[in-house]
Structures are given as C-alpha cells and as structure tokens.
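Okay, so here's the structure we're looking at.
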Amino acid sequence: MTESPPPSASSEPVEPGGTSGLSVLDPPGFHGPAPAAAGQPSAGRPEGTDRRPEDGTGAAPAPGAPDPAAPAPTGVQDRLAGRLSDFASLHEHTERLARARGLGATLDAVLASGTALLGADRALLVTVLPGGGPSQPLGLGLDRASLGALETVPADQSLLARLLREHDRPAEVRSHDLAEDPAIGARLRELAGQLGLGGCYGLPLATEEDGPLAAALWFYDAPADPTDRRRELARRYTEVAAPLLAKQLDAEKVRRTTEALRRGLLPDRLPQPGGLRLAARLVPAGLDRSCGSDWYDAIPLPDGTVGLTVGSVSGDGPGAGPGSAPGAAAAMGRVRAALRAYAVLEGEDPVSVLGDLELLLKTTEPTRSATAVYAWVEPEERRVTLAGAGHCPPVLVTRYGAEFIETSLSAPLGMLSCWEAPGVEFTAERGDTLILYTEGLARRFGQTLHSGQTDLRRAAADAPRDVRTDPERLCAHLLAAAAERDADRRERADRRAAGQDPADRDGGAAPRRPTAQAPATDDLMLLAARFE
C-alpha cells in the first residue's frame with residue numbers, strides 16, 4: 001500500500017512563461033521537435049522556402065522564436081485534445097455536484113463522480129461526526145451486508161481512519177491488490193477476498209478551515225491502479241467538493257439542531273391512563289419549506305380524565321410562507337403550553353378551553369392564527385366531549401368501519417373578532433379508536449382537503465382488523481397509506497402532463513413504478529386513542 005504525503009505546494013503543472021490554467025505537458029521521453037542544424041532546412045519545409053511570416057512586414061522571425069507557419073507536432077495536438085477532454089469531464093462532474101441539494105445528494109454525487117473519474121467499480125464514504133469519529137458508511141455498489149462487514153475493520157487497519165486523521169493525514173492511499181498487500185491489516189485483507197475487492201484508491205475531503213470532513217475509498221473488482229491522469233482528475237474534483245461538503249454539513253447540523261428543539265416543544269412520551277391506549281406520529285416538514293407548525297398533546301387531568309388535542313399555528317398570519325416557519329414553531333410551543341394550563345383549569349369544557357386560547361392568541365400573537373381540536377375524554381365511561389376551530393373533523397374507527405365526528409363549521413382561532421362554536425358529545429364503544437389529525441396528513445391523501453379527508457377515513461376503515469385494534473400500528477398504517485397515495489397521485493399527474501397516462505387512453509390502470517416523494521410543506525400529525 002502507498003500513502004502519499006500532503007503536498008507542501010500546489011502541484012499544478014505550468015508551462016514555462018505561460019499564464020493559462022490549462023497546460024500541456026510533454027510525456028516522458030518527448031521533448032518536442034529537434035532544432036535544425038545550421039545551414040540546413042527545417043523539417044517539413046522545402047529547401048529555399050522563404051521563412052518570413054505572412055504578416056505584411058517582411059520581417060524574419062527572431063532567432064530562437066517558433067515559426068508560426070510550421071505545423072504543430074502531432075504529439076502536442078494529442079496532448080492538448082486529452083487535456084481539453086479532461087477539463088470538460090471535470091467541469092461536467094463539478095457542475096453536477098453544484099446542483100446537488102442536501103447532504104445526501106452531495107455525498108451521492110461525490111461517490112458517483114469519483115467512481116466515473118477513476119474508472120472504479122465500487123465506492124465507500126464516511127463523514128466526520130460532530131463529536132469526532134466516522135459516521136455510518138455510505139456505499140456505491142456495496143450492499144448493506146458488505147458495508148456492515150467493512151465496519152468491523154479495526155481502526156488501526158482502517159484506510160478511512162488514516163484519511164480522517166487531524167495530523168499526518170496522507171494526501172491519498174493506494175493499494176494495487178488489497179487481498180495480497182502486506183501493508184494492509186489481516187482483517188481488511190480477509191474482507192477484500194470475501195467481497196471481491198481488488199485495487200483501492202482513497203482521498204480525504206478536507207479544507208484548511210475545517211480540517212477533515214470526509215474520506216472516500218474507490219475499489220476495483222480486480223487488482224488495478226488508477227493512472228496518473230485519473231488520479232489528478234479525482235484530486236482536483238475532491239478539492240472542489242470539500243468546501244461544498246463543508247457547507248452542506250453545516251446546514252445539516254443546523255437543521256438537526258432546529259428539529260431537535262422543535263421536537264422538544266412536543267411531549268416526549270404519552271400517558272397511558274386506565275381504559276385508554278394512546279399513540280401518536282409526527283413527520284415534521286423542514287423549516288425551510290414548512291408553512292406552519294403542528295402540535296399534539298395528551299394531558300392527564302386532576303379528576304382522572306384526559307384532554308386530547310392537535311392543532312397547527314400558521315407563520316405570521318394568513319397566507320404566511322416558509323420564511324416564517326421558525327417563528328411559527330416558537331409560537332406553537334407557547335400556544336401548546338397555554339392550552340395545557342387552560343385544560344387543567346376547565347378541561348371538561350372544550351369550548352371554554354378553545355375560547356380562552358383564542359383570546360390569548362389575539363392578545364399575545366396578533367399576527368398569527370391557529371386551527372385546533374380539543375377533546376375531553378372520560379376513559380372509564382368512554383364519554384367524549386370535543387370542539388374544533390377550523391380544524392379537520394376527527395375520525396372514529398369502529399368494528400363496522402370508520403366515520404367522521406362532525407364538528408360545527410367554525411373559523412380558525414384569531415381570524416374573527418370573536419370565536420364561538422358548540423361542542424359535540426358522544427359515547428364510544430369498547431374497542432373504538434378516535435383519530436385526531438392535522439391538515440397536512442389529509443392533504444397527502446387527496447388532491448383537495450375534502451377528498452383527502454374522505455380517503456383518510458376510507459384507509460382507516462379498510463385497515464386489517466389486527467391493525468385497527470392497535471393504535472401504534474394504525475398510526476403507522478395511515479402514514480404509509482398517505483405516502484403511497486401522494487406518490488401515486490404525483491405520478492399520474494406527471495404522466496398526464498406528458499400525455500403518457502394509459503388510463504386516459506383506454507381506461508386501463510397505469511403500471512406502477514417507484515416515484516420520489518416531493519418534500520412536504522406541512523407537518524404530518526395524528527393522535528390515536530383506543531378505548532379498552
């Protein structure tokens with residue numbers, strides 16, 4: 001195995017006296033055309049031919065200057081064409097990298113482009129975790145079992161660990177044949193034989209400001225070494241990729257911190273009172289795309305009853321966009337805390353709870369609005385009283401199917417001069433499940449809010465019996481159904497726009513294929529309560 005020390009200065013070759021960033025190097029053994037002997041004609045020109053340039057001056061070229069009329073040597077032209085091809089290939093891959101959105105797409109681009117530039121077959125990459133140490137490996141052409149096996153290589157034998165060192169970090173690592181290389185540890189040699197890994201080439205991705213950010217290894221399926229030309233292209237590519245990766249890692253760190261704080265505003269666990277089983281799911285939209293912030297809560301009350309609530313706070317008033325999402329998340333935390341206090345004080349009267357919340361919202365959050373539903377539940381008698389403010393109607397799943405609990409039509413909190421709506425009372429049967437959800441989930445089910453609510457109710461009714469009797473599994477089932485419906489709807493829309501939907505031509509069903517999910521702009525939230 002070969003380790004190359006980091007270069008102390010730029011290794012960019014430069015033509016003598018040249019200023020262009022593109023240079024043509026003579027290969028070993030080629031030194032250009034030999035000068036003609038004194039008194040003899042130059043090669044390629046008949047004797048007696050005038051060597052004066054055709055510029056109208058009639059002046060002969062200065063001694064030692066190149067003759068502009070002489071044909072360029074073929075070797076130089078070939079080298080120039082090769083360098084131009086390299087430049088075009090490198091530009092193509094760096095442009096693809098610049099278009100990548102998000103950390104995952106950036107890492108995928110690094111693996112794929114490095115594989116293409118090096119002519120490799122497989123690849124492995126890890127990033128540096130905030131606390132130090134490598135992350136979970138990301139592979140190209142390596143399945144999960146292979147990645148797991150490579151994780152068992154001890155740190156003192158790991159090539160990735162060498163490329164991630166803060167000090168004495170090699171500029172590259174190379175091995176012509178991992179399975180037979182005596183400089184490779186026994187465990188890595190063993191895995192190379194089992195996984196069919198031949199030659200290997202690795203590079204760090206690092207910047208002067210951040211140090212090592214990631215390390216990548218590219219593998220060949222047979223013993224091999226990348227050519228000097230391919231190695232140069234890969235090095236130059238990683239020099240461009242490293243600062244872009246640094247920005248993506250910083251953005252990912254901010255996103256995870258923000259999402260952790262956001263989740264901290266919601267309950268970390270749900271109570272499990274006698275006679276009631278609770279489960280909840282939250283799939284938050286990224287704050288860079290979200291138009292609001294949702295909450296859910298289950299509040300044990302002093303008399304043994306339970307208050308259940310879900311709701312959503314919009315950004316800076318009606319029509320607010322994604323730029324106001326962080327403020328909406330903070331407002332959601334304040335609104336939820338206030339609702340908990342009102343529930344403890346007068347929880348058996350949902351209309352009063354929401355009325356107090358509306359007054360608080362107008363007083364302290366005048367530019368925001370909120371939708372909400374609050375249900376007071378008496379588990380032993382399975383009695384429920386609820387009220388809603390501009391919110392989706394709850395769904396009650398029974399042994400016979402599923403039905404809406406219709407709340408009266410009312411405006412969201414903070415929209416009118418005075419909010420008012422009657423409450424709804426009903427008694428559930430043993431085994432029934434009450435589902436509260438937010439608008440984001442319904443919109444993933446259907447093209448419109450109304451059709452989405454209808455499809456959600458149908459999905460709950462059609463769930464297998466063993467799923468309907470378990471609130472945890474029912475929540476997971478509804479989220480999976482929402483994702484599938486949303487993907488199918490987008491696929492049909494794409495095919496219709498392209499005029500390729502068979503259903504539009506002959507009434508047949510369009511063949512299904514995997515479709516990437518579009519980023520959600522609303523949180524997906526639901527809370528399920530099963531009466532035991």
So, the side chain of Arg169 versus the backbone of Arg165: is there a donor-acceptor pair under 3.5 Å, distance only? yes

Ser312 and Thr371: CA distance, side-chain angles, deciding distance, side-chain hydrogen bond (donor to acceptor under 3.5 Å, both in side chains) verdict: CA-CA 5 Å; Ser312 178; Thr371 66; 4.9 Å; no

Backbone of Pro154 reached by a side-chain donor or acceptor of Ser158 within 3.5 Å: no

Between the side chain of Thr227 and the main-chain N/O of Arg230, is any donor-acceptor distance below 3.5 Å? yes

If only atom types and distance count, is the side chain of Arg468 paired as donor or acceptor with the main-chain N or O of Ala463 below 3.5 Å? yes

Test salt bridge (charged side-chain N to carboxylate O under 4.0 Å, His left out) on Glu232 and Arg236; report intermediate values, then the result. CA-CA 6 Å; Glu232 180 187 357; Arg236 295 191 182 283; 3.1 Å; yes

Non-neighbouring partners of Thr152 that pass side-chain hydrogen bond (donor to acceptor under 3.5 Å, both in side chains), sequence neighbours left out: Arg187

Under 3.5 Å, side chain of Ser135 to main-chain N/O of Thr127, donor-acceptor pair present? yes

Heavy atoms from other residues, nucleotides or ligands near CG of Asp168 exceed 12 (cutoff 6.0 Å): no

Can you give me every donor-acceptor pair (side chain of residues 191-204, partner residue at least two apart or in another chain, under 3.5 Å) with its distance?
from	atom 1	to	atom 2	distance (Å)
Gln194	NE2	Glu190	OE2	3.2
Tyr201	OH	Glu172	OE1	2.5

Tell me, with the steps shown, if Ser451 and Thr448 meet side-chain hydrogen bond (donor to acceptor under 3.5 Å, both in side chains). CA-CA 5 Å; Ser451 64; Thr448 65; 3.0 Å; yes

Is the number of heavy atoms from other residues, nucleotides or ligands within 6.0 Å of CD (Glu95) greater than 12? yes

